[in-house]
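All remarks here apply to the structure that follows.
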Amino acid sequence: MSLVLYNDLTRRKEPFVPVKEGHVGFYSCGPTVYDYFHIGNARPFIVFDVLRRYLEYIGYTVTFVQNFTDIEDKMIARANREGITVRQLADRFIEEYYRDADALGVRRATHNPLATEHMDEIIHLVSTLIEKGHAYEVDGDVFFNVGSFPKYGSLSKQSIEELQSGARIEVNERKHHPLDFALWKSKKEGEPSWPSPWGEGRPGWHIECSAMSMRYLGDTLDIHSGGTDLTFPHHENEIAQAEAATGKPFARYWIHNGYLLIDKEKMSKSLGNFLTARAALEKYPGRAIRFFMLSAHYRSPINFSEDSLLQAKSAMERLDNCWSDLRYAIDNRKKADGSGSPEILSAFTALEEKFRAAMDDDFNTAAAIGILFDGVKTVNTYLKENEPLDGKVLDAAVEFFRRLDSVMGILPAEEAREDGTEIEKLIAERNEARKKKDFRRSDEIRDELAARGIILEDTPDGTKWKKKT
RNA sequence: GGCGGCAUAGCCAAGUGGUAAGGCAGAGGACUGCAAAUCCUUUAUCCCCAGUUCGAAUCUGGGUGCCGCCUCCA
């Protein structure tokens, strides 16, 4: 049993074999930091974070690189509009990116390179392309010569002619061919620029990813990922730039996540039908959003809706309840270290194997979540039907969830237990009242706590409390 | 015009040849002072048609519907 993933290069599932045994170089296209990212952008961040975690879970050392595009038309436009520099704009939204990504449980990348900090690599790559006859300069602009790269179109499975026939590209007479794209743009009034052999200017959008990915991961990456809308032209162009320069395969596996739809339509900034992740996070817990994203296969489209998010939230709460019941059992319920109940221990082992099989099959997170819930059922039933509880089983259950969650990242963070002295006092008072059958008073206390977001549960072993999600 | 995706219960969603995971919601029951949580029971023949096969949601062909890429876009 080993990892198989769907490679867009070949349009089929392939066994995963990295260039260097035991190591994975993984590049994922990151955001242009001109605004908050929207919930559709959040999908690749979350989904590829899980892929990265899974690769680590099965033993790989992963170098995960995700860029920030910090120089680009929209950056310039917005900075000008706000009367700040492009640098200031980038700094601000990089910070905002981290804030939202953190809230969504996305682990920090190994490297988050910035285009503006890799001008040497970019210029060097452009120069190489010119030297090798794959690019040409026109008055300070440099274009990639698509005709010089026969493989062009191989990722999107389109020939140059086909791409061109449907194209809605503006005619630019300085280009030799309509599909030629800019590697370097000459400076225009009011734009930041960098010196280059072709004069002052700035890089085109596609070149940074080729330059920076190779800078951190070598000429051949193991995995390159991004949203499916990047397949053409962005990724096609990345391949052309990199392979024309190095003569080596640029990335072994190309994986693209499906769109997030809203009202059955693609969510995008240009359509204006977007919801920022920030706004979504004000409405739903980050873990619920994450759960929602993982509840479908990463290549399928998913539809974002109030209802979907509420469903995800309820489902997540079932998981949370089980987890907190388990912790409560360990802290408060009598336990004995017994034989370890072999049947249950092996049930956990079997479930983890199923989890692995699901994830090995092109990262089937939806199936993986199903297995997580099989674990929930196993634990709940065990907690209900066994007395005394066997410490070994409880520990195995915790271990099971911890291991799976190291990949999924949807369980609540281990937070320092907050001081519950006052809550405990009220609970004691309520239980006194209950003993005297003064249910009016006891319900009053329960309502009072509920208003503060504390939910009580009366169990045979006493009253437990938890905070509302 | 070229390329691609999707169609599974009220809702979300796995499953890609052997008689449908999981979750949400609903119904009934157990437990509870009442709740909450939990457990038990219960809810589908897989868009349509034709074909291949002993056997198809799963393969083939033809429809229908929805979505996307070919332009900045995750």
Side-chain angles (χ1 to χ4, degrees), chain A residues 8 11 28-32 37-48 72-74 153 156-159 161-170 179 205 225-234 236 256-261 264-271 274 291-292 294-297 299-303 305 307-322 324-325 328 354 358 361 364-374 376-377 379-381 383-385 433-435 437-440 442-443 446-447 450 455-460 463-466:
Chain A
D8 273 309
R11 299 247 168 109
S28 197
C29 286
T32 300
F37 63 84
H38 65 63
I39 197 71
N41 301 131
R43 187 176 190 190
F45 302 151
I46 290 169
V47 145
F48 298 131
E72 191 262 351
D73 294 357
K74 291 191 290 280
S156 46
K157 304 287 182 285
Q158 299 268 12
S159 69
E161 295 69 42
E162 285 161 344
L163 285 166
Q164 196 185 345
S165 67
R168 292 166 278 169
I169 312 172
E170 288 173 40
L179 290 177
W205 173 43
S225 68
T228 189
D229 48 354
L230 295 184
T231 306
F232 188 89
H234 185 56
E236 197 73 70
H256 295 98
N257 64 276
Y259 292 119
L260 183 138
L261 310 174
K264 307 277 184 189
E265 253 194 343
K266 175 184 171 184
M267 180 183 288
S268 81
K269 287 188 177 169
S270 40
L271 289 175
F274 65 92
F291 187 100
F292 164 71
L294 299 178
S295 66
H297 188 91
R299 280 193 282 114
S300 309
I302 51 174
N303 194 44
S305 69
D307 196 45
S308 310
L309 266 290
L310 292 178
Q311 285 188 20
K313 185 167 174 256
S314 298
M316 186 192 78
E317 278 162 5
R318 176 170 160 80
L319 205 54
D320 288 358
N321 286 331
C322 177
S324 77
D325 287 349
Y328 184 83
K354 282 173 76 177
D361 184 13
N364 192 338
T365 55
I369 284 178
I371 290 147
L372 213 43
F373 279 102
D374 288 340
V376 166
K377 174 69 71 72
V379 169
N380 284 339
T381 302
L383 292 179
K384 187 182 168 68
E385 293 179 354
R434 289 176 71 211
K435 222 180 263 174
K437 306 228 184 272
D438 180 1
F439 297 122
R440 213 173 64 89
S442 70
D443 287 350
R446 184 165 64 192
D447 291 345
I455 295 174
L456 300 187
E457 287 174 23
D458 296 320
T459 78
T463 301
K464 33 174 307 210
W465 62 273
K466 65 179 183 186

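Residue numbering restarts at 1 for every chain, and letters A, B, ... go by the order of the sequence lines.
Distance A:Arg440 CZ to B:A35 P: 19 Å, rounded to the nearest Å. Rounded to a whole Å, the CD atom of A:Glu162 is 10 Å from the P atom of B:G4. To the nearest angstrom, P of B:G23 lies 17 Å from CG of A:Leu294. For the pair A:Asp8 CG and B:G68 P, the computed distance is 19 Å after rounding to whole Å.
When both pairing distances are held under 3.5 Å, B:G1 makes a Watson-Crick or G-U pair with B:C70. Across every strand in view, B:A50 sits in a pair with B:U60 that passes the Watson-Crick or G-U test at under 3.5 angstrom. If you check B:A27 for Watson-Crick or wobble pairing at under 3.5 angstrom, you find it paired to B:U41. As the counterpart of B:U32, no nucleotide is assigned, since no Watson-Crick or G-U wobble pattern has both distances under 3.5 Å. Base pairing annotation: B:C6 forms a Watson-Crick or G-U wobble pair with B:G65, both donor-acceptor distances under 3.5 Å. As the counterpart of B:U19, no nucleotide is assigned, since no Watson-Crick or G-U wobble pattern has both distances under 3.5 Å.
Checked against ring pair (Phe, Tyr, Trp, His ring centres under 6.0 Å), A:His297 has no partners two or more places apart in sequence or in another chain. Qualifying ring pair (Phe, Tyr, Trp, His ring centres under 6.0 Å) partners for A:Phe37, counting only residues two or more places apart in sequence or in other chains: A:Phe45, A:Tyr97. In terms of the side-chain contact (heavy atoms from CB on, under 4.5 Å) criterion, residue partners of A:Lys269 (sequence neighbours excluded) are, by chain and number, A:Tyr34, A:Asp35, A:His38, A:Asn41, A:Phe274. Take A:Asp8 and apply the side-chain contact (heavy atoms from CB on, under 4.5 Å) test, not counting sequence neighbours, and it matches A:Tyr6, A:Leu155, A:Trp254, A:His256. Annotation: side-chain contact (heavy atoms from CB on, under 4.5 Å) contacts of A:Ala367 (sequence neighbours excluded): A:Ala358, A:Asn364. For A:Ser314, there are no side-chain contact (heavy atoms from CB on, under 4.5 Å) partners two or more places apart in sequence or in a different chain. When the ring pair (Phe, Tyr, Trp, His ring centres under 6.0 Å) test is applied to A:Phe292, the partners found at least two apart in sequence or on another chain are A:Phe304.
At B:G4, one or more side-chain N or O atoms of A:Arg11 fall inside 4.0 Å of OP1 or OP2 (strictly under the cut-off).
Contacts of A:Ser314 with the nucleic acid, taken as non-hydrogen atoms under 4.0 Å apart, involve only primed sugar atoms and P, OP1 or OP2. In this structure, A:Phe232 reaches the sugar-phosphate backbone alone: every heavy-atom distance under 4.0 Å involves primed, P, OP1 or OP2 atoms, never a base. Residue A:Gly226 is in sugar-phosphate contact alone, with no base atom involved, counting any heavy-atom pair closer than 4.0 Å across all strands shown. A:Lys269 comes within 4.0 angstrom of no nucleic acid atom, judged by non-hydrogen atoms across all strands. Among the atoms of the strands shown, only primed sugar atoms or phosphate atoms (P, OP1, OP2) are found under 4.0 Å from some heavy atom of A:Asp307. Using a 4.0 Å heavy-atom cutoff across all strands shown, A:Leu260 reaches at least one base atom of the nucleic acid. Within the 4.0 angstrom heavy-atom criterion, only backbone atoms of the sugar-phosphate kind lie near A:Phe373; the bases stay farther away. Within 4.0 Å (heavy atoms only), A:Ser308 reaches no atom of the nucleic acid at all.
Side-chain atoms of A:Asp443 and base atoms of B:G33 include a donor and an acceptor less than 3.5 Å apart. A donor N or O paired with an acceptor N or O is found under 3.5 Å between the base of B:C11 and the side-chain atoms of A:Gln311.
Checked by atom type, the side-chain pair A:Ser156/A:Glu236 shows a donor-acceptor distance below 3.5 Å. Under the 3.5 Å distance criterion, with hydrogens and angles disregarded, a donor-acceptor pair is assigned to the side chains of A:Gln311 and A:Asp307. Counting only N and O atoms by type, the side chains of A:Ser225 and A:Ser28 include a donor and acceptor under 3.5 Å apart.
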Per-nucleotide protein contact string for nucleotides 36-42 of chain B, where B marks a base within reach and S marks sugar-phosphate only (heavy atoms under 4.0 Å, - for neither): BSBSS--
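Nucleotides B:A56 and B:C67 have their P atoms positioned 33 Å apart, rounded to a whole Å.
Residues A:Ser442 and A:Thr228 both approach RNA chain B. Their nearest nucleotides, taken by heavy-atom distance, put A:Ser442 toward the 5′ side. RNA chain B is contacted by both A:Gly258 and A:Asn303; A:Asn303 maps to the nucleotide lying nearer its 5′ end (nearest heavy atom per residue).
Taking 4.0 Å as the cut-off between side-chain N and carboxylate O, A:Lys266 and A:Asp229 count as a salt-bridged pair.
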Grab the N/O contacts between the protein and nucleotides 14-21 of chain B below 3.5 Å, and write none if there aren't any.
from: B:A14; atom 1: OP1; to: A:His297; atom 2: N; distance (Å): 2.7
from: B:A14; atom 1: O3'; to: A:Asn364; atom 2: ND2; distance (Å): 2.8
from: B:G15; atom 1: OP1; to: A:Asn364; atom 2: ND2; distance (Å): 2.8

